[in-house]
Protein chains: 2
Amino acid sequence: MAIYSKEDIITLLQEAGLRVTHHRTSVLSFLVKQRAPVTVYEMIDSLRKKEGIDQATVYRNLTSLQEAGLIKRSDFNHGHAHYEFETGRPSHQLVCNNCETIEKIDGISIDDTVKKMLKKSKKFKRTTTHSMEIYGLCKSCA
Amino acid sequence: MAIYSKEDIITLLQEAGLRVTHHRTSVLSFLVKQRAPVTVYEMIDSLRKKEGIDQATVYRNLTSLQEAGLIKRSDFNHGHAHYEFETGRPSHQLVCNNCETIEKIDGISIDDTVKKMLKKSKKFKRTTTHSMEIYGLCKSCA
DNA sequence: AGTTTCTTGCAAATAACTCGCGTTTTTATT
DNA sequence: AATAAAAACGCGAGTTATTTGCAAGAAACT
Ligand SMILES: [Mn+2]
Ligand SMILES: [Mn+2]
Ligand SMILES: [Zn+2]
Ligand SMILES: [Zn+2]
């Protein structure tokens, strides 16, 4: 997962047209290191302790990074947001209905299905992103 | 959409093992009439005006109905919940990133993809529900 | 270096729920 | 139909998640 150096992060921000601030770099670096979506709470907790970043700053950077397409938000019907780094490759999630377990599964594309949906649509001509989430009980909760 | 009579609603509640209260029947009836997911705000607004139902009651009934599998919750990364009647047939959504437009597309199954996901999973043996949402700008916002 | 524009911290505000508890309704049982 | 137990309700207060206003600080442009 450490395939992104600090310089890579900076390049990503610049190419996205975002200012390279210390805090924004930290927020994106944090997400690059994760294996699954993390809650905003976890990010605030970690980033405040380690670098003294304020929660408002974390929220504002998450918003700007998402608008730039660098990270992906998923609520999982939990009533709070989770974020993960956007790799550009297909990735979807299995979500436990009982605990906070979220398993990412990479490499399964649903582009064909998305195309079918778009063909049937009356209100959309094109789309930009999509998400697929599968819910159930994880092995330890079952 | 008026294929569900009041008696049908009552039967659904009974078969789900839920008490048939006046308010719970109203909440489920309301959702049966919709063509797309609606926000909790809209439901509270309508049900309070028409029948004087309290917001806590709306929330509690939405929770019990969802746990019974009669309705489906989707947050759409909006930071608030939306609900729709669960028909049991495949149905997914196109969501506008700018306005509140949500278009339901029925009849496209993703069960095969879900199976593929489950096969790759290490933490889940089986799952119960799934959701697929496609994001972009609707025609009027594009 | 100077200027503009964006970002940040802090505290306060708002939005979206959730809870405690006394009262009422539903359902099961006589 | 009356009775009792269990679940649901209304209301007000509380909590959680997120947003905002504003003055000060940092980044980018010239
Ligand atoms: Mn969560
Ligand atoms: Mn919404
Ligand atoms: Zn679990
Ligand atoms: Zn729109």
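Note that these values count all heavy atoms, side chains included, but never hydrogens, waters or copies made by symmetry. Just so you know, these numbers come straight off a predicted model, no measurement behind them. Order of the sequence lines fixes the chain letters, A, B, ..., with proteins taken first and strands second; residue numbering starts at 1 for each chain.
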Q. Which heavy atom of A:Cys141 sits nearest a heavy atom of A:Asn98, and at what distance?
A. SG-OD1, 3.3 Å
Q.
On a heavy-atom basis, which atom in A:Arg73 and which in B:Gly79 lie closest, and how many Å separate them?
A. NH2-N, 3.5 Å
Q. Cut-off 3.5 Å, side chains only: do A:Ser5 and A:Asp8 have a donor facing an acceptor?
A. yes
For residues 117-128 of chain B, which side-chain N or O atoms pair as donor and acceptor with protein atoms under 3.5 Å away, sequence neighbours left out?
{"unit_1": "B:Lys120", "atom_1": "NZ", "unit_2": "A:Asp106", "atom_2": "O", "d": "3.1"}
{"unit_1": "B:Ser121", "atom_1": "OG", "unit_2": "A:Glu103", "atom_2": "OE1", "d": "2.6"}
{"unit_1": "B:Ser121", "atom_1": "OG", "unit_2": "B:Lys123", "atom_2": "N", "d": "3.2"}
{"unit_1": "B:Ser121", "atom_1": "OG", "unit_2": "B:Phe124", "atom_2": "N", "d": "2.9"}
{"unit_1": "B:Thr128", "atom_1": "OG1", "unit_2": "A:Tyr135", "atom_2": "O", "d": "3.2"}

Q.
Filter on ring-ring contact (aromatic ring centres under 6.0 Å, His included), then keep only pairs touching residues 33-52 of chain A, sequence neighbours left out; what's left?
A. none
My understanding is that only residues two or more places apart in sequence, or in another chain, count here; which of them pass side-chain contact (heavy atoms from CB on, under 4.5 Å) with [X]?
| X | result |
| --- | --- |
| B:Arg60 | B:Ala56 |
| B:Asp112 | none |
| A:Glu100 | A:Thr39, A:His78, A:His80, A:His82 |
| A:Ala16 | A:Leu18, A:Ala68, A:Leu70 |

Q: Could I get the full list of ring-ring contact (aromatic ring centres under 6.0 Å, His included) partners for B:Phe85, not counting sequence neighbours?
A: B:Tyr4
Q: List for me each residue that meets salt bridge (Lys or Arg N to Asp or Glu O under 4.0 Å) alongside A:Asp45, sequence neighbours excluded, and say none if there are none.
A: A:Arg48, A:Lys49
Q.
Surrounding NZ of A:Lys139 (heavy atoms of other residues, nucleotides or ligands, distance under 6.0 Å), is the total greater than 12?
A. yes
Q) So how far off straight is the helix from C:dA1-D:dT30 to C:dT30-D:dA1, going by the axes through five pairs at either end, to 10°? A) 50°
Q | Nucleotide range of DNA chain C lying under 4.0 Å from chain A heavy atoms | A | C:dT5 to C:dC10
(Q) Counting primed atoms plus P, OP1 and OP2 as sugar-phosphate and everything else as base, spell out the protein contacts along nucleotides 15-21 of chain D at 4.0 Å heavy-atom distance: B, S or - for each nucleotide, 5' to 3'. (A) --SBBBB
**Q.** Close residues, residues 13-29 of chain B, relative to DNA chain D [heavy-atom separation under 4.0 Å]
**A.** B:Arg19, B:Thr21, B:His23, B:Arg24
